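Source: prediction; values computed, not measured. A, B, ... follow the sequence lines: proteins, then strands. Residue 1 opens every chain.
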Amino acid sequence: MANEVFMPKLSSTMETGTLLQWFKEEGDSVETGEPLFEIMTDKINIEVEAYDDGVLLKKYYDIDDEIPVNQIIAYVGQQDEVVPDTSPGISGNEINEEKELNESAVEETSVRIEEQSKVEPSEDVRATPAARRVARSNNILLNEISGSGPKGRVHVKDVNQVLIQRNDSRATPLAKKVSKAHQVSLESINGSGVNGKVMKNDVAKSIDRVSRVDPSIQTSQKRKLSGMRKVIADRMQESVNTAPHVTLTSEIDMKKVQELRKNLMKVVESHTGNRLSYTDIIIKATGEALSRHPAMNASLNDDEIVLNNSINVGLAVSLDEGLIVPVIQDVPSKGLREINDHAKRLAKNARNQKLQEDQLKGATFTVSNLGMYAVDAFTPIINLPQTAILGTGRIQEKPVVVDQEIEVRPTMAVSLSFDHRAIDGAPAAAFLTELKQILENPYELLA
Amino acid sequence: MTAPYDITVIGGGPGGYVAALHAAEQGKRVALIEAKYLGGTCLNWGCIPSKTYLKQAEIIEMIKKARDWGIETGEIKLSIDKMKRRKDEVIHRLRNGISYLLKQGKIDVFYGYGTIEKNHSITIKTKDDVHTIESEKIIVATGSRPVVPSIQGLEQVDYDTSDTIFDMKNIPSSIAIIGGGVIGVEFACIFASLGTEVTVVEMADRIIPNEDADASKTLTKELENKGVSILTGSTVKKVTKVTKENNYSILSVMDGNGETHSLEAQSLLVSVGRKPNTSAVEKLELEKNGPFIHVNEKMETTNKGIYAIGDVIGGYQLAHVASAEGIVAANNAMNVDDQFDDKVIPRCIYTLPEVASVGMTEEEVVNAGISYRTERFELHANGKALSAGEAVGFSKIICDETYGEILGVTLVGAHVTELISEASAFMSLEGTIEEAAKMIHPHPTVSEAFQENASSLFQKLKNQGVLV
Amino acid sequence: MRELTYLEAVREAMSQEMRENNDVFLLGEDIGVYGGAFGVTRGMIEEFGPERIRNTPISESAITGGAVGAALTGMRPILELQFSDFITIAMDQLTNQAAKLRYMYGGKGSVPMVLRTPAGSGTGAAAQHSQSLEAWVAHIPGLKVVQPSTAYDAKGLLKAAIDDDNPVIFYEHKLLYKTKCEVPEEPYTIPIGKADIKRSGGDVTIVATAIMVHRALEAAEKLVKEGIEVEVIDPRTLVPLDEETIVESVKKTGRVVVVHEAVKRGGYGGEIASMIAESEAFDFLDSPIKRLGGLPVPIPYNPKLEKATVPQVDDIVEAVKETIRFK
């Protein structure tokens, strides 16, 4: 009778584990207590040992597979025993379905599951004295806590985390809704209800404290956060909340861009009817820089970093109702004339609310230009799932040292915000440096 | 002089005896002074006797209804004596229950009128004796009595109030009820079922004016179906005695248009409101709130150590509110910090159909300037109500637009006084319309109406995207 | 305020005391014209004369025995051993005489003497001149053990040691002799048995002695850049030990690193760690107690190896990070 090997549940919060490596191959003999494979949970890496002697008959999963708790990963049994070709699913479930498995197997399984759950009775939990003290005084069972320390040792931090979660649940549904809407953390609120349950009024008081509205301030009108405003609000909030933003800034000498623009002005205007703008050149330069730094042209979806082949640059356009970001597709393949044509058309359509759905989709990078205002530099917020955004300020005449001489040069500050989850500082810095070089020698755009 | 007490409660009604028992449970030496009967207005001249009569009224209606369903009985014969006797039995039984509890709690009960002296000692005056007791803290729970308005000629005729009407000797052939509040409409129901010709005269533009207008409308219609005449926006200007053998009175009633009509009735019930019994505190210079005793949120009067609860402080004038206030007063008198929370107070009217409500009425919500949504679910779409032949009524939920906070609920229909606590529970635990919509209710029950109501309201809010 | 070196502070404490109290005198090898092995007593013979600055033969046992006898007769001798390694030769006099006599005489006699001696490695003095043997004497009931880490502490503690009616072993650290800090001119005492919080912090407690106080402070500077706030406690005296200050600090931080230069095995850090584990601070520990001490080898002569034998700043930084990893 072959024995199942399943994904163990190592903590109360564990739902899946990722298979890191197999120590045995199919056909290898294993002994009880020998490590079979290594898994990674949300907390720790751990080697899982064999519970039975025998031969590793079948492996159902490969390295990097994410496997739910109790899912059958493999079978250990006697040589030549027959086991299913694919994983029969959750351990214990299939017993009812698969008639061949007899009663004793059921017993065996349940015994093993029992042993499994016995792994962490309260007394045997690894926990620091301080963690025990805090758990004791808050009536938390240590075996309900997954420890972050070595070998799952529970530290004060882990207990506190459980406390916070617990407190979180100690709020009335209404209080939760109000706190969520106002982005107030429930942890910091002392509840006035039974057992410290947080009531609506407690949240209201806390909001009051945070944002006490001065009654002497007269408000002219109130506008409900809805429609486009609400979408912007949610997306910005989500971005700030989830993506660790890092912003790099650099100052760029725009002298040659100025020359280039002047020289090309007539050519472009005669073709498109529009004046060539600095934004057009910046978009082109950005596309060029992105093509040389594909890591910056990435999206972060859940736990995957996707390097995008097409380089589509979103251009932030301000409307009365809010911000909209039409997209210029495949920037490197387009010349300045085409970019100018596209950008102007998109901006115009945006202002007339005539943008097509697909003109708003597919950006892999965003440029936000506030250069028309008296803005030197700013820290743009990334448009998720993109991983970076470029913000450009105004072009200003500034004294610059060139070859040991002070010269007046048009300079522009650029800020690159990137999502540190996907991109590190060095590659982002390299990209920004590249962009600076391109803009300071823009003729290479024509090459 | 008797040994000093920790707490003395003046008044043995639902506020007073609950306060006394609560203090005694915490080991305090407690005295209770009652002028007449334990149980107060509620037990002796209010909630309880009216409910026994209303049950009888319901049975009479049931029998009449049963005829249409093919259940034939003989002619209904009513014995007012037996009906009264049953009422008295119920009262005695409950009164004995209280008496037993007080004895268990080792509470000294004094029968007599208690008066607080300037030095805070308490004089107890009985029929043949006056003595004084000393007490650390005092809780005044002396209740209220019916108001008799000054109407020309009223003193010259025989009239009843809720204090006397329960002991009527005969079923009157006709009755005029002055005041269409809770007491007025309950008696209208009782007498209508007894075959009496009932006229309700109400000053406001609708009966039960403190309840949601929808409830007034349904109840008006139902009372009228029972043959009750309802004169709203009307005032009784004058009462004249008619020299007939049966004590008839003629009322001059002025309607909303200023026209005067006359109305003849054999009996007259005055139920226009209640005023506080404040003789116990006359010697103290307590701050008043109109005619009522003023208290803070700890139920303490302006004299330290003297608390007041129940009808004597005004407010809701409901037995369950008095009891809750009694606990708060007792706690504070024992130096346990406590505050009265009036957020969720259910109100019940035991008419046929019943009216039960909690929280704000739609009018109150509008006046408070809260942006809200409301919807009604009619009982005639409820299987259980329909099969029981009690399909009149509705559930009406009012919730705020942002979070779906349940601001108020009004239920009209049979048994809804038992159902209102579900709404109270949601409000008390701050469940929102969303939770109410999602909670599973047993089928078939009248309680499903509440859920259907919540669910439909929630769906609409959700579809409109207004909820957070 | 003026600054003094540790060495000058020790000398000033002795000179000031000798000017006030004729019973105080010094004895030791080459402490006269030569000024002692490290020059601590330089110039003192000129002021106090050879009667009170007494050169002795090269016999630690004799010096100590002589001091015990003098102390019993009412003098207050301060004896200097050139290197604390040679306390081994004086051990019988210290252990069986100095430490016990007051008890054995039922309090009718006492031994008010101070034994000053430089300890520690770092000078290239190799195996026999670099040890830190303070745990030996800390083990003997009847001896007080002082280990100052700054000039200020040295002056105040030495006065307290001279004033004390019991034998006090006063450890000076060779590498600290040239360290400077502000020291008041007038005499003052620092009570024996009172620890000093050299730096406050909430994340980890470091209990460090002698030279390790300075290394711990340096480590703390590095750690603060990583957002780790270290509290550095200098017990200053090992016997009696200020348990309260240490326990309170550990209760606050929940993590502790004990660091001394002496060999870790059997070192005084074990005593401090055990004391913490036995105290009410136990319930506040959120990480195992960490000890840092010298390796169990004789101090090598090679300067690189010599350094590698005893805890350095980076070792302390690492140890702190280890205890805080699960913060």
Side-chain angles (χ1 to χ4, degrees), chain A residues 166-187 189-208 210-211 213 215 218-238 241 321-322, chain B residues 297-298 324 327-328 331 336-344 358-360 365 368-373 397-409 422-440 451 454-455 457-458 461-468:
Chain A
R166 196 201 251 188
N167 282 339
D168 200 48
S169 63
R170 281 194 178 169
T172 67
L174 183 57
K176 278 184 198 166
K177 283 185 178 165
V178 178
S179 70
K180 201 171 152 202
H182 290 267
Q183 309 248 336
V184 187
S185 150
L186 284 166
E187 304 158 32
I189 300 174
N190 286 327
S192 64
V194 177
N195 283 333
K197 186 192 270 182
V198 177
M199 311 295 284
K200 174 190 155 201
N201 268 345
D202 305 326
V203 181
K205 271 183 215 154
S206 148
I207 293 166
D208 255 18
V210 177
S211 62
V213 179
Q218 304 223 327
T219 54
S220 62
Q221 56 172 334
K222 285 182 185 176
R223 194 154 56 99
K224 197 170 165 62
L225 203 55
S226 65
M228 190 169 169
R229 198 64 255 159
K230 172 115 176 92
V231 172
I232 295 171
D234 290 348
R235 299 203 54 181
M236 290 299 114
Q237 189 64 56
E238 189 202 349
N241 281 356
E321 305 85 78
Chain B
E297 70 281 352
K298 294 178 158 195
I327 303 265
V328 171
N331 277 337
V336 178
D337 203 39
D338 199 359
Q339 287 193 8
F340 184 66
D341 181 2
D342 66 352
K343 196 176 73 173
V344 182
V358 61
M360 299 166 100
V365 173
I370 301 169
S371 52
Y372 72 101
R373 295 292 169 106
I397 301 176
I398 302 163
C399 70
D400 101 294
E401 226 176 36
T402 320
Y403 307 111
E405 176 179 7
I406 298 177
L407 301 169
V409 175
E422 173 175 3
S424 303
F426 269 104
M427 290 174 69
S428 164
L429 298 175
E430 294 190 342
T432 66
I433 192 78
E434 186 174 356
E435 282 81 24
K438 288 179 177 165
M439 197 180 96
I440 296 172
Q451 190 213 351
S455 163
L457 192 49
F458 172 61
L461 285 168
K462 208 174 133 190
N463 294 342
Q464 291 163 5
V466 280
L467 275 187
V468 169

Next on the checklist: Just to verify, what does B/Ser428 make a side-chain contact (heavy atoms from CB on, under 4.5 Å) with, not counting sequence neighbours?
Outcome noted: B/Val344
Item to check | Any residue meeting side-chain contact (heavy atoms from CB on, under 4.5 Å) with A/Ser179, in chain and number order, not counting sequence neighbours | outcome: A/Val184, A/Leu186, A/Val203
Next on the checklist: Any heavy-atom pair between the side chains of A/Met199 and B/Lys343 that's under 4.5 Å?
Outcome noted: yes
Next on the checklist: Do A/Lys197 and B/Leu429 have side chains that approach each other closer than 4.5 Å (heavy atoms only, starting at C-beta)?
Outcome noted: yes
Locate the shortest heavy-atom distance separating [X] from [Y]; write the atom from each residue and the value.
X        : Y        : value
B/Thr432 : A/Lys177 : OG1-NZ, 2.7 Å
A/Leu174 : B/Tyr403 : CD1-CB, 3.6 Å
B/Gly431 : A/Pro173 : CA-CG, 4.0 Å

Checklist entry - Can you check whether A/Lys200's main-chain N or O pairs, donor with acceptor, with B/Glu430's side chain at less than 3.5 Å? => result yes
